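To start, the structure itself, in structure tokens.
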Amino acid sequence: MTLQGLRFAGTGSFAPAKIMTNDDLSKIVDTTDEWIVSRTGIRERHVAGPEETTSFMAAEAARRALEAAGWEASSLNLIIVATLTPDKPFPNTASLVQARIGATGAACFSLEAACTGFVYSLEVAAGMIRSGLVQRAIIIGAEKLTSIVNWADRNTCVLFGDGAGAVCVEACPDADNSYLGSSLGSDGNFHHLLHTPIGGCAEPLTAENANDPRRYLVMDGKQVFNIAVRSMVSASERALAKAGLAGTDLDLLIPHQANLRIIEAIAERVSTPRERVYVNLDRYGNTSAASIPIAFDEAVRNGRVKRGDKVLFVGFGGGFTYGASVIRY
Ligand code: ACO
């Protein structure tokens, strides 16, 4: 089978106007700006209002990406929304985005791979485009994590924020391919280290457990930290090897934005100089599936990524899922 080429046509992102600083958080839980900055690198995060649902933010990011690509929404064949915070259990969030942006005719589904959701979605879209199944796709990572964090738990509530990022990708008739190499993986044995324990069909919410703190995100941060570094380094190395590149060849490394110490450990082990690593978690916190596409959009708009640049995306999240892809912008 002859594979089609793929090109990145446009990016967009959205963050709610409301900002919560570390000092704001110190009025809610027993924490300090100094603790949060030194342990994570996070200084502030965006917090969505009641009307700013995941599909709302995803649609805003999508409109900006479509505008950057110069595409009509009606020309889309595929919408994938990576999220672990859907507006509602079903239908899928991509269909809600479709209605908001008027992309009648596109196939729609959500993809849940936690913080690796964007990398997984890109792989799926790239596969469908390269095999000729679709011509134009938009991949969106969008999260309203502030709706699932326990605001009484300082171990987790200081880490997360809300936002959305979107990327338009299309088949490239001259077979010039910009999807250079990738590697996805998961280890379900660790599912209990980062999860929302109840509220699914295994233990539905009832009048009796409605106030159980296990209805919120629960994480064993220390264990997650170690496995995150290991998994993201190995996924990066495999994706780079498939692309025939070394970490030093990259123009930009865009890692999932969870913790500055995790990002620095990955950059060092992959041998990408610090000035070629994109960091914006100081302003967003961890926005899970939205973090990589928000960072990518910022990097495109502020000139850190230029046409032809080689970029590595690498993510890690609940599951545990992990994955990396090397692209040429
Ligand atoms: N303010 C002050 N103290 C705190 C806070 C806080 N916000 N949170 C925890 N502490 C305390 C704890 O109670 C603990 O105290 P104790 O020792 O008396 O019990 C102590 O600080 C723990 O400190 P450290 O061990 O130094 O914490 P650590 O360096 O492990 O940092 C952190 C914690 C930031 C959570 C880190 O482990 C981490 O980033 N883990 C990875 C998270 C991640 O990457 N998730 C990615 C996936 S997210 C997704 O998929 C949705």
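In this chain, residues are counted from 1 in sequence order. Numbering of ligands and ligand atoms starts at 1, following listing order. This structure is a prediction, so every number in the text was calculated from the model and none was measured.
Nearest non-hydrogen protein atom to atom 26 (O) of ligand 1 is Arg39 NE, 2.7 Å. Of the protein's heavy atoms, Leu159 CD1, 4.0 Å lies nearest to atom 35 (C) of ligand 1. Nearest non-hydrogen protein atom to atom 30 (O) of ligand 1 is Lys222 NZ, 3.3 Å. Protein heavy atom closest to atom 47 (C) of ligand 1, with residue, atom name and distance, is Leu194 CD2, 3.6 Å. Here the heavy atom of the protein found nearest to atom 43 (C) of ligand 1 is Val224 CG1, 3.7 Å. Looking at atom 41 (C) of ligand 1, its nearest protein heavy atom turns out to be Gly221 O, 3.6 Å.
Considering each of Phe316, Trp35, Phe225, Tyr322, the one bringing a non-hydrogen atom nearest atom 33 (C) of ligand 1 is Trp35. Between atom 50 (O) of ligand 1 and the options Gly117, Cys157, Ser26, Cys115, the minimum heavy-atom separation is to Cys115. With Asn259, Ile262, Thr31 as candidates, the residue nearest to atom 44 (O) of ligand 1 on a non-hydrogen basis is Ile262.
Using a 4.0 Å cut-off between charged nitrogen and carboxylate oxygen, Arg214 and Glu203 count as a salt-bridge pair. A salt bridge is defined here as a Lys NZ or Arg NE, NH1 or NH2 lying under 4.0 Å from an Asp or Glu carboxylate O, and Glu264 with Arg261 fails to meet this definition.
Applying the side-chain hydrogen bond (donor to acceptor under 3.5 Å, both in side chains) test between Tyr284 and each of Arg43, Glu298, Arg45 identifies Glu298 as the sole match.
For Val158, no nitrogen or oxygen atom sits less than 3.5 Å from a nitrogen or oxygen atom of ligand 1, counting backbone and side chain alike. At under 3.5 Å, a nitrogen or oxygen of Arg154, whether backbone or side chain, sits near a nitrogen or oxygen of ligand 1.
Between Tyr120 and Gly185, the closest heavy-atom pair is OH-O, 2.8 Å. Heavy-atom minimum distance, Leu122 versus Ser325: CD2-OG, 3.7 Å. Residues Ala58 and Ile140 come closest through the heavy atom pair CB-CG2, 3.7 Å.
Put simply, the side chain of Cys108 reaches to within 4.5 Å of the side chain of Asn92, judged on heavy atoms. Using a 4.5 Å heavy-atom cutoff, the side chains of Leu76 and Leu66 are in contact.
The distance from ligand 1 to the heavy atoms of Thr40 drops below 4.0 Å at these ligand atoms: 34 (C). Atoms of ligand 1 found under 4.0 Å from any heavy atom of Met219, numbered from 1 in the order shown, are 42 (C), 45 (N). Of all the atoms in ligand 1, the ones that sit under 4.0 Å from a non-hydrogen atom of Gly318 are 50 (O). Close approach of ligand 1 to Gly317 (heavy-atom distance below 4.0 Å) involves ligand atoms 50 (O). For ligand 1 and Asn155, the ligand atoms under 4.0 Å from any heavy atom of the residue are 8 (N), 9 (C), 12 (C), 13 (O). Within the listing of ligand 1, atoms 28 (P), 29 (O), 31 (O) sit less than 4.0 angstrom from a heavy atom of Arg261.
Within 4.0 Å of atom 16 (P) of ligand 1, not a single protein heavy atom is present. The protein does not reach atom 20 (C) of ligand 1 closely, with no heavy atom under 4.0 angstrom from it.
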Per-pair distances, 0.1 Å, donor-acceptor, side chain in residues 152-167, under 3.5 Å, sequence neighbours excluded:
unit_1, atom_1, unit_2, atom_2, d
Asp153, OD1, Asn155, N, 3.0
Asp153, OD1, Asn155, ND2, 3.2
Asp153, OD2, Thr156, OG1, 2.9
Arg154, NH1, Asp30, O, 3.0
Thr156, OG1, Asp153, O, 3.4
Asp162, OD1, Leu145, N, 2.8
Asp162, OD1, Thr146, N, 3.0
Asp162, OD1, Thr146, OG1, 3.3
Asp162, OD2, Ala48, N, 2.7
Asp162, OD2, Thr146, OG1, 2.6

Considering only distance and modelled atom types, tabulate donor-acceptor pairs under 3.5 Å from the side chains of residues 80-89, sequence neighbours left out.
unit_1, atom_1, unit_2, atom_2, d
Thr83, OG1, Thr85, N, 3.0
Thr83, OG1, Thr85, OG1, 3.3
Thr83, OG1, Ala142, O, 2.7
Thr83, OG1, Glu143, OE1, 3.1
Thr85, OG1, Glu143, OE1, 2.6
Thr85, OG1, Lys144, N, 2.8
Asp87, OD1, Thr54, N, 3.2
Asp87, OD1, Ser55, N, 2.8
Asp87, OD2, Thr53, OG1, 3.1
Asp87, OD2, Ser55, OG, 2.6

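Contacts between Ala258 and ligand 1, counted as non-hydrogen atom pairs separated by less than 4.0 Å, involve the side chain only. Under 4.0 angstrom from ligand 1, the non-hydrogen atoms of Asn286 all belong to its side chain.
The aromatic rings of Phe296 and Tyr329 sit perpendicular to each other, their planes meeting at more than 60°, with 30° as the lower class boundary.
Under the 4.5 Å side-chain contact rule for hydrophobic residues, Ile79 and Val169 do not share a cluster. Val124 and Val97 end up in different hydrophobic clusters when Ile, Leu, Val, Met, Phe, Trp and Tyr side chains are linked at under 4.5 Å.
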